[in-house]
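I have placed the structure first, in the form of structure tokens, so that the comments after it can refer back to it.
Remember, it's 1-based here, ligands and their atoms both numbered in the order they're listed.
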Amino acid sequence: MNTDNKLIYEGKAKKIFANKNTKEVIVEFKDDATAFNAAKKSTFEGKGELNCFISETIFKYLINQNIPTHYIKSNSKSSFIAQRVDIIPIEVVVRNTAYGSICKQTNIKAGTVFNEPLFDFYYKDDDLNDPLLTLDRILLMNIIEQEELIFIKKLTNKINLILIEFFSNIQLKLVDFKVEYGRNNKGEIVLADEFSPDNCRLWDLKSNNGKIKSLDKDRFRHDLGDLIEAYSEISNRIKKIY
Ligand code: TMP
Ligand code: ASP
């Protein structure tokens, strides 16, 4: 990529750089953390590099298993090169175990393990506070065709199966996660954004006397402390076997 890249988008945890002509972008991870639609904010030195490494490893792993993603190649410790995509404004959340918002909004108890993963779709719109969508509402919004939605659900289901095993191999339980998809310049739908402990819940399976030990952004959401230690632990376990 050449040097006349400009900032084309700044999100809560990432910046996207590109120049006019290219089909590629630089995805730069920030040290900033936000929660509850940025009602809570902080900065953790080193988080950007850790999330970049974890995301890159996961994208490469998924690509090896034939999952289409926007990831192209490494760029720096806190950035990678990706396909330029138009993000589909739907946040796809998969829940294997109940925790977080589902326990606040329903009578389902925290820790309930689902027989089948639960798919929740949210409208990616900060002004509206990312509301929960229904399938009928998604189709009425005219941002995606029904077949595309089916494709995304199937792909996300595959990603879930692959990553449950990926994390279980490093003694982590994949409780839930959020992914986003984009359309590349060929019109293909690819996994975009990131996959890091900012966007998923990971519980330590190493003996913890049956208590939940979160190694993800819940450490910040719920003031548990040691966020960088938790993310570093994930990164170190990944480095040992992947
Ligand atoms: P929730 O329990 O708050 O609905 O979150 C479910 C999963 O989605 C959890 O792993 C965190 C992730 N998530 C995001 O990545 N971004 C968000 O804006 C929200 C609300 C959740
Ligand atoms: N990503 C959202 C925010 O930045 C919410 C969250 O992850 O809890 O506020």
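- Using a 4.0 Å cut-off to heavy atoms of R201, the atoms of ligand 1 that qualify are 1 (P), 2 (O), 5 (O), 6 (C), 9 (C), 10 (O).
- Classification of the F80-F59 ring pair by plane angle, with boundaries at 30° and 60°, yields perpendicular.
- Ligand 1 lies nowhere less than 4.0 angstrom from a heavy atom belonging to K217.
- Evaluation of the side-chain contact (heavy atoms from CB on, under 4.5 Å) rule for K158 yields I67 as partners, not counting sequence neighbours.
- Here the rule is side-chain hydrogen bond (donor to acceptor under 3.5 Å, both in side chains) with D120, and of R95, Q105, K178 only R95 fits it.
- Membership of the apolar cluster around V190 extends to V85, I87, as traced through chained side-chain contacts below 4.5 Å between ILVMFWY residues.
- Between Y231 and F44, the distance from one ring center to the other does not fall under 6.0 angstrom.
- Take K217 and apply the salt bridge (charged side-chain N to carboxylate O under 4.0 Å, His left out) test, not counting sequence neighbours, and it matches no residue.
- Ion pairing between K41 and D32 fails under the 4.0 Å rule for side-chain N and carboxylate O.
- Using a cutoff of 4.0 Å between basic side-chain nitrogens and carboxylate oxygens, E10 and K30 are scored as salt-bridged.
- Atom 4 (O) of ligand 1 has its closest protein heavy atom at S101 OG, 2.6 Å.
- Of all protein heavy atoms, the one lying nearest to atom 16 (N) of ligand 1 is K178 CE, 3.6 Å.
- The proximity of R221 to ligand 1, defined as any non-hydrogen pair under 4.0 Å, is limited to the side chain.
- Atom 20 (C) of ligand 1 is not flagged as protein-proximal [any protein heavy atom, distance under 4.0 Å].
- In the model, N19 has no side-chain atom that pairs as donor or acceptor with a side-chain atom of T22 under 3.5 Å.
- Considering only non-hydrogen protein atoms, atom 7 (C) of ligand 1 sits nearest to D176 OD1, 3.6 Å.
- S79 and S76 are linked by a side-chain donor-acceptor pair at a separation below 3.5 angstrom, with hydrogens and angles left out of the test.
- Distances below 4.0 Å separate heavy atoms of Y99 from the following atoms of ligand 1: 2 (O).
- Within 4.0 Å of ligand 2, counting heavy atoms only, the contacting residues are K12, T34, A35, F36, N37, A38, K217, R221.
- Within ligand 1, counting atoms from 1 as listed, the ones closer than 4.0 Å to a heavy atom of G100 are 2 (O).
- Salt bridge absent: K173 and D204 never bring a charged side-chain N and a carboxylate O closer than 4.0 Å.
- By the criterion of a heavy-atom distance under 4.0 Å, the side chain of E91, and not its backbone, is placed next to ligand 1.
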